> 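Here it is: the structure, laid out below.
Everything numeric in this text was worked out from a predicted model, so none of it was measured. One is the number of the first residue; the rest follow in order along the sequence.
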Amino acid sequence: PLVLGPALLLLRRPAAAGLLFLAFALAAGPYVAHLSDEAGALTLSRKKPAARYLSAEAGFDAHMAEKSARTGLSRPGAGGAAWELVRSLGEATTWAILPLGFIGAFLLFRDGRGRPELLLLLALLAADLALRFRHVHLHGYLSKRHLAFAAALLVPLAGRVFVSRGRIGAIAAALVAVVLLGVAVKPRDREKIALAEAGREILESGGEGTRVATWLTPRIPYYARGRNVKLNRLVPDPDDTAAVRALLDRGADWLAVVPARLDEKTRRALVRAAAGLPSRESGSGKWRVVVYRIR
């Protein structure tokens, strides 16, 4: 809906706006109906509501702080959150540049009467980036999908700057593009390759469909082409070794953990529950992966 609204305003011809709305309804309608049926009320997304990040939900900040401490994840300060936002935005912008270029071209060739629409786009971009800053400040990460909307707005905005400000605007737009592209093409978390290596080694040994128990590392089962047994959701007390071991025996073929992403108590409990030496290790540093074969 946040993309559809400005688009309908930009398409001033009723026929064109009607066709766009019909296309949106045909594409989104079945998904909205499915989600609403599951939820029992009109629902547009499975994701957590924006109200949480706007502090409209009581105790949300305290809950996130407790969760971060329990899982051993670090929450960045304002500077770290801002840099992560810029870096993720650069990735999202380059990732979506081809289809969004058509939107930019549409605005570039307009007759220049789009000041209200431009203000609306700026307001939406500012609101979206503020929301994402809060997200990364609480969670410590962002992905491309989180910033797809902001990337969609940046392309036509950059086009406006380029056209309306002459040579100075062109230089400014080029500098912004260099920064965003530089951030995007820089290899990010190259050490995470260890997750892919661990998953592929599990695939070679166990075949497709194997069940991999993990703690906040879903990439490993993805590369193993297996099913993720999410211990962080299934284990109420990780210090209960017998319960963890029973869960592993019942539901997992492998246990794959990244020690640096576990608090010390949980790490010791999982190692005891694995009841054996590691089958293999991949990588080093904060993304070192330790794999145990359960059965």
> Please tell me if the side chains of Ser205 and Trp254 come closer than 4.5 Å, counting only heavy atoms from C-beta onward.
yes
> Are any of the side-chain heavy atoms of Val258 and Val289 separated by less than 4.5 Å?
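In contact.
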> Rounded to the nearest 0.5 Å, how far apart are CG of Leu195 and OH of Tyr223?
8.0 Å
> Between Thr266 and Trp215, do the side chains contain an N or O donor and an N or O acceptor separated by less than 3.5 Å?
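On atom types as modelled, these side chains do not qualify, holding no pair under 3.5 Å.
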> Decide if atom CZ of Arg280 counts as having more than 12 heavy atoms of other residues, nucleotides or ligands within a radius under 6.0 Å.
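Enclosed: over 12 neighbouring heavy atoms sit under 6.0 Å from CZ of Arg280.
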> In this structure, would Leu129 and Val136 fall into the same cluster of hydrophobic residues linked by side-chain contacts under 4.5 Å?
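Yes, because Leu129 and Val136 connect within a single hydrophobic cluster, where side-chain heavy atoms sit under 4.5 Å apart.
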> Going from CG on Leu248 to CZ on Arg211, what distance comes out if it is rounded to the nearest 0.5 angstrom?
11.0 Å
> Minimum heavy-atom separation for Ala256 and Thr217, please, with both atom names.
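Looking at all heavy atoms of both residues, the shortest contact is O-OG1, 4.0 Å.
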> Check the angle between the aromatic planes of Phe21 and Phe24 and answer parallel, tilted or perpendicular using the 30° and 60° thresholds.
tilted
> Which atom names give the shortest non-hydrogen contact between Pro259 and Val290, and what distance separates them?
CG-CG2, 3.9 Å
> How long is the straight-line distance from CZ of Arg225 back to OG1 of Thr210, given to the nearest 0.5 Å?
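Nearest 0.5 Å value for the OG1-CZ distance: 13.5 Å.
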> Roughly how far apart are His135 NE2 and Asp128 CG, rounded to 0.5 Å?
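Between His135 NE2 and Asp128 CG, I get 11.5 Å after rounding to 0.5 Å.
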> Please check if the number of heavy atoms outside Tyr222 that lie under 6.0 Å from its OH is greater than 12.
no
> Are Val271 and Val257 in one and the same hydrophobic cluster, where Ile, Leu, Val, Met, Phe, Trp and Tyr link if side-chain heavy atoms are under 4.5 Å apart?
yes
> Any idea which heavy atoms bring Ala81 and Phe133 closest together, and the distance?
CB-CE1, 3.7 Å
> Measuring from Arg132:CZ to Leu85:CG, what's the distance to the nearest 0.5 Å?
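Answer rounded to 0.5 Å: 10.0 Å.
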> Would the distance check show the side chain of Ser282 and the main-chain N or O of Glu197 forming a donor-acceptor pair, the cut-off being under 3.5 Å?
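No, because the side chain of Ser282 does not come within donor-acceptor range (under 3.5 Å) of the backbone of Glu197.
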